[in-house]
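Notes for the one structure printed next.
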Amino acid sequence: MAVTKVADYASDRKTKAQAAAANAQAAMADALVKLAAAQSAHEASLKDVSDLTLEMVDLRRQLQAIVVPGTAQPILDQLAADLTTMRGKREALLDAEEDLFYRQRAIDRAQAQLSRANAVLASATAGKDAADADEADRQKLRDAIKQPPLKTMKATATALVAGAVYSAAQNYLRGGAIPSGLFDRAIRRGDEAAATIDAARLSARWAENVLNEDLNATQGQAGAITAAKTAFQRSQDAYRNYVVTAKARFDLAQALLTAIPSGPLPSAAEAALINDNTKQAARDTALANEAALAQAQAAFDGAQASVDKAIWEAERANPDTDPNTDANVQAAVALRDGAIKTALTQATSDFTTGMQTTLDEWQTDVPESTWGLVSDFQIANAILVDLANTDPKALQTQMDNDEQPYAQALSDQAQNERAMLLLTDAVQDSADKRDAVTRTTVATTSSAVRGSA
């Protein structure tokens, strides 16, 4: 069955579980009826054999009591007829015993199937309730972005960045509290730190993706479910996080920006140290070289992440081979250790210890209260940039798209499990029939060979 939502899978699973439970209940009732019939047939067959045995005993007694031999023939004829009849009666009794044994086993089998079906139904019912609750929660998330403030959050954040509150906060700090170059570099440092965190998250996602690919390729349906669930959970979490936090984050950014122009400025003595023209050239050079080093380091880190990814892919494809012999790994290493590494080495050399000291001293001249305002601006700016660049509809689409393969994987597994149970039941039924026949084999064969009672 093709499904698009986990709730659809859960509903279908419950429907089929209800049908299976009903069928198991009906099968149990039918097994009880057939057992009763088998017991009656067995009792009747036993009585037939017993009655005929008594009749034959009586005939033999009569033969023993005969004085005139000529009068024995009718008794002998009847005894011969009874012997022939007895063979059929005994065969019928063996058949009744086989059927009774099979019907007793059928009761055990039906009871086990009914218990299993009821357990599956209970699980499916709980699963559907949970899936419905999750779907209702996701629908609330979908509804939330259809109306303000989330419907217009992207535009609202963009407007705030372009508006008076943002400009007032920025102008108060940039070229006001501290020189524009130092301000710009401070903001950029914050962005670089955030980028490092994002890169680590991306690297973890790459590793996760490689694992998911391997699960899909090697672990069958269980692997497919795990991989699809991981992807779905990841996109669902991203969407939920946006819906739950976007408004609060926007409010925080706006509050931080609004408060900045009321914050304390450096004193006259502090401002003189911060804006010392005799040191400005050296300070600008140090800023430029620090920025160049940060850029080169980011490029190298990105290249290293590509090497890591290539190694993971190589290990997945050939776990018993040194990944460093893989062509893709070698290409990634060559790219990293070529111009990228050369640029990092040069930038590291260019940003001297003296330059670091120059920046440290300059930044120490700025009072902590001013750095607090700059930090507030960086936080607000990062929030607004993220909100302005995030399309909640795209997050929702990704979540919905990732749900489909997860739901389908669950549905496929459930279908295979149902098929496996049917096959298991058929095997057990055949085994019970075999056991019923096997337990009377000696008696049946002996009776057939003797051709008599």
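What's counted below: heavy atoms across the whole structure, side chains too, no hydrogens, waters or symmetry copies. The structure presented is a predicted model; accordingly, all values stated were derived computationally and were not measured.
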Any luck finding a side-chain donor-acceptor pair between [X] and [Y] under 3.5 Å?
| X | Y | value |
| --- | --- | --- |
| Gln170 | Ser167 | no |
| Asp360 | Gln356 | yes |
| Asn381 | Tyr166 | yes |
| Gln233 | Asp237 | yes |
| Asp432 | Gln428 | yes |
| Ser123 | Arg13 | yes |

Taking the side chain as every heavy atom from C-beta outward, state whether [X] and [Y] have any atom pair closer than 4.5 Å.
| X | Y | result |
| --- | --- | --- |
| Tyr239 | Gln398 | no |
| Thr370 | Leu265 | no |
| Trp362 | Pro179 | yes |
| Asp276 | Lys279 | yes |
| Arg142 | Gln396 | yes |
| Asp386 | Arg249 | yes |
| Leu114 | Gln25 | yes |
| Gln346 | Thr342 | no |

Salt bridge [X]-[Y], side-chain N to carboxylate O under 4.0 Å:
| X | Y | result |
| --- | --- | --- |
| Glu290 | Arg189 | yes |
| Asp99 | Lys34 | no |
| Lys146 | Asp143 | yes |
| Arg174 | Asp184 | yes |
| Lys5 | Asp134 | no |
| Glu313 | Lys309 | no |
| Asp429 | Arg109 | yes |
| Arg283 | Asp365 | yes |

Original post:
Taking the six-membered ring for Trp, is the centroid-to-centroid distance between Phe377 and Phe183 below 6.0 Å?
Top reply: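 Yes, the ring of Phe377 comes within the 6.0 Å limit of the ring of Phe183, centre to centre.
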Give me the atom names and distance for the closest heavy-atom approach of [X] to [Y].
| X | Y | value |
| --- | --- | --- |
| Leu121 | Gln18 | CD1-CG, 3.4 Å |
| Leu160 | Phe250 | CD2-CE1, 3.7 Å |
| Ala157 | Leu384 | CB-O, 3.8 Å |
| Ala409 | Ile225 | CB-CG1, 3.7 Å |
| Asp132 | Ala7 | OD1-CB, 4.0 Å |
| Met399 | Ser235 | CA-OG, 3.5 Å |

Would you give the length of the straight line joining atom [atom1] of [X] to atom [atom2] of [Y], rounded to the nearest 0.5 angstrom?
| X | Y | atom1 | atom2 | result |
| --- | --- | --- | --- | --- |
| Ile187 | Leu182 | CD1 | CG | 10.0 Å |
| Lys16 | Asn23 | NZ | CG | 12.5 Å |
| Asp108 | Arg105 | CG | CZ | 7.5 Å |
| Leu141 | Arg138 | CG | CZ | 9.0 Å |
| Leu335 | Ser306 | CG | OG | 7.0 Å |
| Glu135 | Lys128 | CD | NZ | 11.0 Å |

Indicate yes or no for a side-chain donor-acceptor contact from [X] to the backbone of [Y] under 3.5 Å, with no hydrogens or angles considered.
| X | Y | answer |
| --- | --- | --- |
| Ser375 | Trp371 | no |
| Thr325 | Thr321 | no |
| Gln363 | Leu359 | yes |
| Asn289 | Thr285 | yes |
| Thr438 | Arg434 | yes |

**OP:** Could you walk me through whether Gln378 and Asp191 pass side-chain hydrogen bond (donor to acceptor under 3.5 Å, both in side chains), step by step?
**Re:** CA-CA 8 Å; Gln378 195 282 326; Asp191 294 341; 3.1 Å; yes
Original post:
Heavy-atom count around Lys229 NZ within 6.0 Å, excluding the residue itself: above 12?
Top reply: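 No, the 6.0 Å shell around NZ holds no more than 12 heavy atoms from other groups.
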Subject >> Evaluation steps, side-chain contact (heavy atoms from CB on, under 4.5 Å), between Glu98 and Phe101 >> reply: CA-CA 5 Å; Glu98 290 177 7; Phe101 178 86; 5.9 Å; no
Subject >> Listed once per pair and sorted, the side-chain hydrogen bond (donor to acceptor under 3.5 Å, both in side chains) pairs that draw on residues 35-45, sequence neighbours left out >> reply: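 As it turns out, there is no side-chain hydrogen bond (donor to acceptor under 3.5 Å, both in side chains) pair with a partner in residues 35-45 once direct neighbours are skipped.
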**OP:** Please test Glu403 against Val6 for side-chain contact (heavy atoms from CB on, under 4.5 Å), starting from the C-alpha separation and ending with a verdict.
**Re:** CA-CA 7 Å; Glu403 182 179 15; Val6 174; 3.7 Å; yes
**OP:** For Leu173 and Ile260, run side-chain contact (heavy atoms from CB on, under 4.5 Å): C-alpha distance rounded to whole Å, both residues' side-chain angles, the deciding distance at 0.1 Å, then the answer.
**Re:** CA-CA 8 Å; Leu173 297 172; Ile260 286 174; 3.9 Å; yes
